[in-house]
Number of protein chains: 2
Amino acid sequence: MAAPLANNHISVDCVVLGFDGESLNVLLSKRSGCDSNGKVFMDYKLPGSLIYQDEDLDDAASRVLKELTGVSDVTLTQFKAFGSKDRTSNLRDVHWLEKEQAKVKRIVTIAYFSLVKLDKTLEKTVNTEVAEWQRLNQLGRLAFDHNLIIAEALKAIRREADNNRALIFNLLPKKFTASQFRMLMEIIYDKQLDVRNFHKKISQLSYIIPLDERQQGVAHRAARYYRFDKKAYSGSR
Amino acid sequence: MAAPLANNHISVDCVVLGFDGESLNVLLSKRSGCDSNGKVFMDYKLPGSLIYQDEDLDDAASRVLKELTGVSDVTLTQFKAFGSKDRTSNLRDVHWLEKEQAKVKRIVTIAYFSLVKLDKTLEKTVNTEVAEWQRLNQLGRLAFDHNLIIAEALKAIRREADNNRALIFNLLPKKFTASQFRMLMEIIYDKQLDVRNFHKKISQLSYIIPLDERQQGVAHRAARYYRFDKKAYSGSR
DNA sequence: ACAAAAGTGTTTAGTATACACCCATGC
DNA sequence: GCATGGGTGTATACTAAACACTTTTGT
């Protein structure tokens, strides 16, 4: 065979998306470094890092996410590997890598996504010294090919959600209104949905349970809350 | 950060599926080695190998497939990375790896699939000294976690084909009969299809063109041939 | 003439889409 | 009382599923 022994580096990167009832947000790591002129800069990257020698990919993803952001106990789903040879060749990125670890030629990264409720409980677990939620539709240029990785994550999530609608409910609070749910679907599928048809749809889904509880103190008719019934969902497919 | 420098190895593996008009087949590399008692064995693995230091993943997949089987000019689609830490720990596999290259702790592999017409032209390009087509439903135990990788490839292909039906036609000859097409769908989706409904369906798809040509010399009513019109397909979605 | 596979229509149920007005609440 | 978002029903078009017999060809 005699293939040259490739000695590459492997990392994992996590695209953690959170919905706050209004918009989709992504969890980013703060990164600071020097550019080629020695100027200090601060920008953002996905939480990700090299894996250990003897560690499952999935375990590495959980570990790295926890270490870099404080977030733990979320379901991470592998969706794609990124191994273009120029993905780490931007000068700023090269400098940053050299500061962080030995000279690295190229890093193949295995990307994971996770969908979470962006509520106050979760807000607290995020270490804001080093990590930050940013609106998905207002992202600047991220490190490496991380903008691309996020775009691919969204595609993967759409595909996945088509086969397993339960996925989406990870983004919603336990009690959610029909319009929160609808807005979320509109964002994910980038498509307007008819309000009446949407109500009709959810009313005939056995796993979306209307509650007696309603919104409080809003300056308009109070919306009903619903909840997602995991058991009923599993039973219905 | 101070993450220990992981020094892992990266490979690509290719799941090339071919349809011969009757059944789905997968292209395998022959492998021979010694087991722990020094006994010689011969078994099969997916065509795959370590990547070069400075090579795109996608390029590596094409190169490796060509080198190990002779097959080139096929579309390879990345679908999943496999990095369980015990995926290379079977004793037979450990011995084989040590013979082939330096001691390797763990290999993360990026898996690709490809769908091809298994016709005589392709048969000729396969180097039968080192590679061989085997029926998908009659596979034995393959090296490493390659049975798992093939199963995951099928799942990925189903998902992908739902979004892009053109994919399936890579498996069919240029001229195909309705029942070849139907049998293929039945195999891929593991589900019987109603013959009449199937005919109705394809008759109303603008990109499946009925030809005047029919089967020759069959001991029953000769079936009509159809072809897939790529242009009409792209136009229709 | 018989074996073997090809080909053909109709009915029914369910799902997706389009569309406009009244309701409840806080200020 | 008005601004704001919540909530409701019907008609139509399309798609999916169930179902059995006749046709063509070689032996």
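Numbers restart at 1 for each chain; the letters A, B, ... are given by sequence-line order, proteins then strands.
For B:E129, the CD atom sits in a loose shell: 12 or fewer heavy atoms of surrounding residues, nucleotides or ligands are nearer than 6.0 Å. Remark: A:K30 NZ is packed, more than 12 non-hydrogen atoms of other residues, nucleotides or ligands lying under 6.0 Å away. The number of heavy-atom neighbours closer than 6.0 Å to CG of B:D73, taken from other residues, nucleotides and ligands shown, is 12 or below.
When the nucleotides D:dG7, C:dA6, D:dA16 are ranked by their closest atom to the side chain of A:V195, D:dG7 comes out on top. Side-chain atoms of A:K201 lie closest to C:dA16 of the nucleotides D:dG6, C:dA16, C:dG7. Side-chain proximity of A:R196 to D:dC19, D:dT8, D:dA16: nearest is D:dT8. Comparing C:dA24, D:dA17, D:dG9 by their closest approach to the side chain of B:K191 singles out D:dA17.
In summary, A:R31 and A:D93 engage in a salt bridge, as defined by a charged side-chain N under 4.0 Å from a carboxylate O. Between B:E152 and B:K155 there is a salt bridge, with a side-chain nitrogen of the basic residue lying less than 4.0 Å from a carboxylate oxygen of the acidic one.
Taking atom CZ of B:R221 as the reference point, atom P of C:dA6 lies 10 Å away to the nearest angstrom. The interatomic distance linking A:D194 (CG) with D:dA13 (P) rounds to 17 Å, in whole Å. Between B:H220 atom NE2 and C:dG7 atom C1' there is a gap of 13 Å when expressed in whole angstrom units. To the nearest angstrom, P of D:dG7 lies 14 Å from CZ of A:F181. For the pair A:H199 NE2 and C:dA16 P, the computed distance is 17 Å after rounding to whole Å. Look at CG on A:N197: it is 11 Å from C1' on D:dT10, rounded to the nearest Å. Rounded to whole angstrom, the span from the CZ atom of A:R224 across to the C1' atom of C:dA24 amounts to 14 Å. Here D:dG9 presents its P atom at 14 Å from CD of A:Q204, a figure rounded to the nearest Å.
Between B:R182 and B:K200, the residue whose closest nucleotide on DNA chain C is further toward the 5' end is B:R182. Judged by closest nucleotide on DNA chain C, B:A219 is the one of B:A219 and A:R214 placed further toward the 5' end.
Nucleic acid contact class of A:T177 (heavy atoms, under 4.0 Å, all strands): none.
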